[in-house]
Amino acid sequence: MPEALLRVNELRKDFVVGPMFRRKTVQAIRGVSFVLNKGETLGLVGESGCGKSTTGRAAIRLIEPSSGSIEYDGVDLASVGARDMRRLRQDLQIIFQDPYASLDPRMTVEQILTEPLGIQKIGTSAERRERVMDIIAEVGLQAAHAARYPHEFSGGQRQRIGIARSLILNPKMIVADEPVSALDVSVQAQIINLMQDVKAKHGMSYIFISHDLSVVKHICDRVAVMYLGEVVETASRDALYEEPLHPYTKALMSAIPGRRGAQKRITLKGDIPSPASPPRGCAFHTRCPSAMAICKTTPPQAIETGGRKVACHLYN
Ligand SMILES: Nc1ncnc2c1ncn2[C@@H]1O[C@H](COP(=O)(O)OP(=O)(O)OP(=O)(O)O)[C@@H](O)[C@H]1O
Ligand SMILES: [Mg+2]
């Protein structure tokens with residue numbers, strides 16, 4: 001039986017946007033629930049704007065959730081105070097899509113990697129330096145790189161720095177938010193391999209956010225599919241790719257280039273509705289090829305079937 005590391009329950013995040021008197025509330029995520037097991041890689045997939053980054057960030061409290069609970073190591077992350085959160089920050093790290101934007105251009109690699117150790121008051125300066133040099137070697141950079149600035153590196157090397165920074169505190173889990181989307185295809189494989197290698201060595205868990213279903217298939221153990229701020233289906237990688245259940249997952253899968261099987265590509269009609277006013281009932285009903293009368297009025301409950309979860313009236 002897999003052991004849960006993180007249990008996210010009914011997580012919501014609203015953003016209030018727009019000028020005064022024309023304010024509106026964007027419901028970025030609307031009751032997201034999932035479990036991240038120890039040692040696993042959980043993929044979060046779905047179209048742009050469906051709430052993947054918000055989910056990843058809120059799950060480790062880089063942004064404050066509006067409501068919901070996040071159970072980590074016996075505590076509710078959503079409600080711990082600042083001091084406990086600082087301690088827990090060691091365990092919960094993130095890798096961003098654009099390493100250039102997330103690395104301070106005025107700091108050398110050594111300074112970037114030493115900073116978290118300083119904040120957490122870990123080690124003497126000699127020990128910190130040793131730790132930094134170890135990590136630099138582990139991510140495939142050279143000792144001489146320690147004294148250089150982010151702009152002196154290629155995109156792939158910069159993402160290695162981003163990975164090094166996420167590893168420096170020996171985390172239990174890492175949210176990787178589109179970590180290879182900004183890289184050349186040839187470099188993507190190197191970074192994915194590096195992420196696999198460090199995981200094999202340290203045994204942490206990943207939440208891997210991506211819109212590239214081929215990469216997700218390669219790296220993830222389980223996958224949660226999101227649509228308009230909700231998780232519509234969760235399944236093991238094999239189950240999901242072999243037999244997607246939710247009509248939205250089916251459409252996503254049918255669009256993977258070079259997929260096996262003769263299934264026709266399902267083109268979804270219409271645009272993604274605004275997260276400021278999601279459709280009533282099942283949020284997907286406006287685009288769903290299988291929509292029924294009930295879908296327009298009643299939101300489907302997520303039901304468990306054969307170790308997987310799906311929220312769709314076809315299965316209720
Ligand atoms: N800081 C913010 N302020 C206002 N709205 C936000 C903010 N962050 C996200 N949103 C909105 O919340 C919704 C979900 O955004 P999010 O970035 O989580 O989606 P995503 O799935 O990561 O998309 P992408 O694939 O483009 O990265 C979007 O409608 C987005 O515009
Ligand atoms: Mg995103």
Side-chain angles (χ1 to χ4, degrees), residues 6 8 10-34 36 41-68 70 78 92-102 155 159 162-163 166 173-183 188 191-192 195 206-217 219-220 223-234 240 246 248-249 251-253 255-256 268 270-279 283-284 286-287 311:
L6 187 83
V8 170
E10 287 297 317
L11 205 61
R12 295 188 65 97
K13 177 66 185 178
D14 298 332
F15 291 106
V16 178
V17 296
M20 226 195 313
F21 306 119
R22 286 212 313 254
R23 294 243 160 94
K24 57 178 186 177
T25 304
V26 173
Q27 303 174 43
I29 53 172
R30 303 180 293 122
V32 165
S33 303
F34 63 87
L36 176 68
T41 301
L42 174 70
L44 274 189
V45 304
E47 284 158 295
S48 180
C50 70
K52 303 180 295 295
S53 297
T54 304
T55 300
R57 287 170 196 205
I60 55 172
R61 251 186 83 179
L62 280 181
I63 54 176
E64 293 295 329
S66 304
S67 66
I70 310 159
L92 312 166
Q93 292 292 318
I94 187 161
I95 301 170
F96 294 99
Q97 169 172 353
D98 179 355
Y100 200 51
S102 63
Q159 197 54 300
I163 292 172
S166 78
M173 66 167 276
I174 297 176
V175 174
D177 191 353
E178 306 262 11
V180 297
S181 307
L183 304 175
Q188 288 190 1
I191 296 298
I192 292 289
M195 288 185 63
Y206 286 137
I207 292 178
F208 189 88
I209 297 173
S210 178
H211 59 262
D212 184 335
L213 288 165
S214 308
V215 173
V216 167
K217 186 177 185 187
I219 191 170
C220 295
V223 183
V225 181
M226 292 188 67
Y227 183 79
L228 206 62
E230 295 174 311
V231 174
V232 296
E233 179 163 10
T234 316
L240 196 83
H246 196 285
Y248 178 62
T249 318
L252 278 186
M253 293 294 168
I256 302 176
L268 292 176
D271 293 328
I272 308 181
S274 161
S277 53
F284 185 55
T286 55
R287 301 171 76 200

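Note that ligands are numbered from 1 as they come in the structure, with each ligand's atoms numbered from 1 the same way.
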Check: Lys13 side chain, Glu64 main-chain N or O, donor-acceptor pair, under 3.5 Å: yes
Sidechain-backbone polar pair: Arg287 side chain, Leu268 backbone, donor-acceptor under 3.5 Å: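 Checking the backbone N and O of Leu268 against the side chain of Arg287, no donor-acceptor pair under 3.5 Å is found.
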Heavy-atom side-chain proximity of Val225 to Leu240 below 4.5 angstrom: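 The answer is yes, as the side chains (C-beta and beyond) meet within the 4.5 Å cut-off.
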Minimum side-chain heavy-atom gap Leu228-Pro279 below 4.5 Å: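 Of all side-chain heavy-atom pairs linking Pro279 with Leu228, at least one is under 4.5 Å.
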Euclidean distance, Thr54 OG1 relative to Ile63 CD1, rounded to 0.5 Å: 5.0 Å
Ring centre gap for His246 and Phe284 strictly below 6.0 Å: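 Under 6.0 Å, so yes.
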Short side-chain donor-acceptor distance under 3.5 Å, Thr25 and Asp14: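 Short answer, no.
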4.0 Å protein heavy-atom contact status of atom 30 (C) of ligand 1, strictly under: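 False for atom 30 (C) of ligand 1.
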Any N, O or S atom of Ser53 closer than 2.8 Å to the Mg ion (ligand 2): yes
Who's the nearest protein heavy-atom neighbour of [atom], and how far?
atom                    : answer
atom 12 (O) of ligand 1 : Ala28 CB, 3.2 Å
atom 1 (N) of ligand 1  : Phe15 CE2, 3.4 Å
atom 11 (C) of ligand 1 : Val26 CG1, 3.9 Å

Residue part near ligand 1, for Ser48, under 4.0 Å between non-hydrogen atoms: both
Distance under 4.0 Å to a non-hydrogen atom of [X]: what atoms of ligand 1 satisfy this?
X      : answer
Ser53  : 17 (O), 18 (O), 20 (P), 22 (O), 27 (O)
Pro275 : 29 (O)
Thr54  : 9 (C), 14 (C), 15 (O), 16 (P), 18 (O)
Gly51  : 14 (C), 16 (P), 18 (O), 19 (O), 20 (P), 21 (O)

Proximal candidate to atom 25 (O) of ligand 1 [heavy atom criterion; set His211, Lys13, Lys52]: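 Comparing heavy atoms across His211, Lys13, Lys52, the nearest one to atom 25 (O) of ligand 1 lies in Lys52.
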side-chain contact (heavy atoms from CB on, under 4.5 Å) assessment of Ser33 paired with Val231: CA-CA 7 Å; Ser33 303; Val231 174; over 6 Å; no
Test item, Gly49 contacting ligand 1 (heavy atom, 4.0 angstrom): yes
